[in-house]
Structure formats: structure tokens, C-alpha cells
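Each remark here refers to the structure printed beneath this line.
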Amino acid sequence: MAPTEISHQESLLRDYAELAPRVQRFLRDLLGCAVTAADATQETFVRAFRKVDGLPPGTRLSPWVFGIARNVSLEIRKARGRQGRVLTPETPEHAERIADPAARSPETQLLDRESLEVIDRALDRLPEERRAALLLRLDHGLAYDEIAQTMGWTLAKAKVEIFRAREVLRATLAEYRGGAS
Amino acid sequence: MTIPEDDESLERELFARRERALVSPPVPPLEDVLRAVSVQRRTVSSFRAAPASLFAFAAFAASVAVIAPRMHLFTTVSPEEAIRPDPVMMSVQPVAAMSTAEQDDSLACSLPDRADSLAISSSSEDPVSSSSSCSLSCATESP
């Protein structure tokens, strides 16, 4: 390793402040519960810090961490299923989810709330795998090959799944457009 | 709501707005995460460093638990029980004869009352080749 090159562990420590909120939002979208998402975020990064130094050089950290996060979310859903409990998704009206409106203009607040409603409505219509892939693409900006790696899919499957998910999103938008006009 | 024509830009804009609308709850402090990592590492290393004799004892106990019932180490059998025929064997009813698949002409199974042996025999007559037969016998030892 070159003297100037930093280790994966150092990279993860450096990126934690930027990456952790994104991972937590991703987990909240998958699990539908902010409290469970916070616990899952901690578990994700505990696993990441334990394993990060075993990664091959040049591995991009964020897709790898999102992959761990998804596995954690699947384990939580499975455990909840075994215990007979179902995660109840929060509604958009959930007061704690909406950011402080005082910081934004009324028009921006309205647009932001509408976006929240439309996207949540679309996400609710998607199966878990497709929802995760869509979020990774549009909310977290991962490339198709990174999504394929995260989800354990081929590149072709990743493209197809995201295409199908975007169709649902567009249909939801069209409904919204029809309702808004 | 202004809807941009281009779907890709619309989707990205929607997600960006949604992110703004959402509260960003505090993430677990990095110190808590690192503390949890170090606690897990200590737990794993102390488990690995456990005395070998502890594992040897656990393996021995597991072996006893598995083998002992099969060996009847901790059970006593009365002489009457020892000579009693196996209930599984007794449940087999004598069958005089029954027909089988096309190739076989007959299959006979016999189990004399209270006998310790089971014999199955079959024979087939092939018009092209010579006839063939097979048999299976099973016997248990009386004490």
C-alpha cells in the first residue's frame, strides 16, 4: 500500500458522517419504522467496521455498506415474522417524519410534502427487492453494476428490476398528475 | 405541482425534495458503533481462548447424550421384555400372494406367527429370455 493511500477502515471512519444518514434513510424506507432503522443502522456499521479491512483494495465502500444494510433489514423482517409481529409502515402524515417547516418557504414545503406522498405511495406498491433497487438507484445514486453487486443480481436483472420499478413510479406520478390537474 | 417533462430529472427531483421533507433523525454516534465493535471482538476472542478442556468436556457430554440411549447404558430391561418380540415385526401381517408390476408375475410374502424371519420372494417369466426370480429375507435373532 502506498504511504498516501488510506485503509478501508480509515475511509469508513471518514465517510461515516455522510454515509450513516443515507443508510438510515434507506433502512427506514425498507423497514417502515424510524426506531428500528436506527438500530439497524448501528448493526450495519458494527458489521461493516468488523469486516472492512478484509475488502479487496479499490472496493467502493458505499455499495458494500448498503448491501450489509439490506441484509440486516431482511434479517429483521424475518425475525419479526417469526415473532408474529409485522412492521407497520409510517404514514406520510406522521409528524415526526416531516422536517421543520419553519426553515422553508410555504411553496417549497408544499412541493416537498407532495414529493414525499407520491414516492411513498409508489414505494408501497413495490415488492421489497424492487423497492430496494429503486431506492439505491434514484435516492442514493448507485450505478447499475453497484446495485447488481449489492442485491446479488446480474447486471441485466438489476436493469430490468429498476425499469419495472420506475414504471410503477411513473404510473403513480401520472395518477397524481391526473388528480392534480 | 410543476412536472418536468423528462422522467429521469423528475424522478431525481422528487427524491431530492422528499429528502428535504424528511426529518433526518440522529444516527448512532460513531463512538457507540466502535464500542460495540470492540465489545464483540472481546467476546469472540475470549470464546476462542476458552480452555480446551471445556470443549472436550462439552464434546464428551454430547457424545454420551447421543450414544447412551442407543447402547441402553442407562436403561434396565427385564428378562420378560428382552424376549418379547419386536412390536414392529409383529405388526406385519402375513400376505399370501400379491401381484406386482407387468414384469413380475408374482410376489409372495410370508411371516409365520411369532416367527423371527421375514421372507419375500418374486419370480417373473419373460417370454424372450429365461425366467428369473429374486428373494429377500430378513431375520432377527431371538435372545
Side-chain angles (χ1 to χ4, degrees), chain A residues 12-13 16-17 19-25 28-29 34-35 37-50 92 94-101 103-104 108-120 122 134-135 137-141 166 169-170 173-174 176-177 180-181, chain B residues 1-70:
Chain A
L12 194 55
L13 284 168
Y16 180 81
L19 194 53
R22 289 172 56 205
V23 168
Q24 186 152 306
R25 189 167 76 246
R28 199 214 61 79
D29 285 331
V35 176
D39 292 343
T41 303
Q42 171 149 341
E43 177 59 22
T44 299
F45 279 95
V46 167
R47 292 187 193 186
F49 275 107
R50 274 175 47 213
H94 198 291
E96 291 173 5
R97 281 191 70 199
I98 309 296
D100 178 17
R104 292 166 294 136
T108 309
Q109 287 173 38
L110 180 66
L111 291 173
D112 293 351
R113 277 185 94 106
E114 282 177 342
S115 303
L116 183 63
E117 281 180 35
V118 170
I119 292 176
D120 282 1
L134 184 75
L135 288 165
R137 176 70 188 154
L138 292 179
D139 197 17
H140 302 288
R166 288 174 75 178
L169 180 59
R170 284 170 200 169
L173 279 172
Y176 190 87
R177 242 185 265 198
S181 61
Chain B
M1 186 178 193
T2 310
I3 307 290
E5 286 303 315
D6 178 74
D7 279 336
E8 179 81 25
S9 62
L10 167 65
E11 290 162 358
R12 292 192 182 284
E13 191 180 330
L14 281 174
F15 273 93
R17 285 181 190 163
R18 176 178 182 260
E19 185 181 345
R20 276 204 308 266
L22 282 169
V23 168
S24 296
V27 295
L30 180 59
E31 295 73 29
D32 288 358
V33 173
L34 296 177
R35 197 176 305 122
V37 173
S38 74
V39 166
Q40 281 194 4
R41 281 196 176 136
R42 275 203 302 274
T43 307
V44 170
S45 61
S46 62
F47 180 74
R48 283 182 182 153
S53 58
L54 185 64
F55 291 105
F57 175 75
F60 172 72
S63 305
V64 169
V66 171
I67 294 169
R70 299 184 182 197

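In what follows, chains carry the letters A, B, and so on, assigned in the order in which the sequence lines appear, proteins first and then strands, with residues in each chain numbered from 1.
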Engaged part of [X] at the chain B interface, taking heavy atoms whose separation is under 4.5 Å:
{"X": "A:Gln24", "result": "side chain"}
{"X": "A:Tyr16", "result": "side chain"}
{"X": "A:Ala20", "result": "both"}

Looking at [X] and [Y], what are the two nearest heavy atoms and their distance?
{"X": "A:Gln42", "Y": "B:Asp32", "answer": "NE2-O, 4.0 Å"}
{"X": "B:Glu19", "Y": "A:Asp139", "answer": "OE1-OD1, 4.4 Å"}
{"X": "B:Leu22", "Y": "A:Leu116", "answer": "CD2-CD1, 3.6 Å"}
{"X": "A:Ala38", "Y": "B:Pro28", "answer": "O-CG, 3.6 Å"}

| said: Assess the residue pair A:Val23 and B:Val27 against the criterion (side-chain contact (heavy atoms from CB on, under 4.5 Å)); give the C-alpha distance rounded to whole Å, side-chain angles, the decisive distance to 0.1 Å, and a yes or no. | reply: CA-CA 9 Å; A:Val23 168; B:Val27 295; over 6 Å; no
| said: Among A:Leu138, A:Val118, A:Asp29, exactly one meets side chain to side chain contact (heavy atoms under 4.5 Å, CB included) together with B:Arg18. Which residue is that? | reply: A:Asp29
| said: Rounded at 0.5 Å granularity, tell me how far CZ in A:Arg25 sits from CZ in B:Phe15. | reply: 9.5 Å
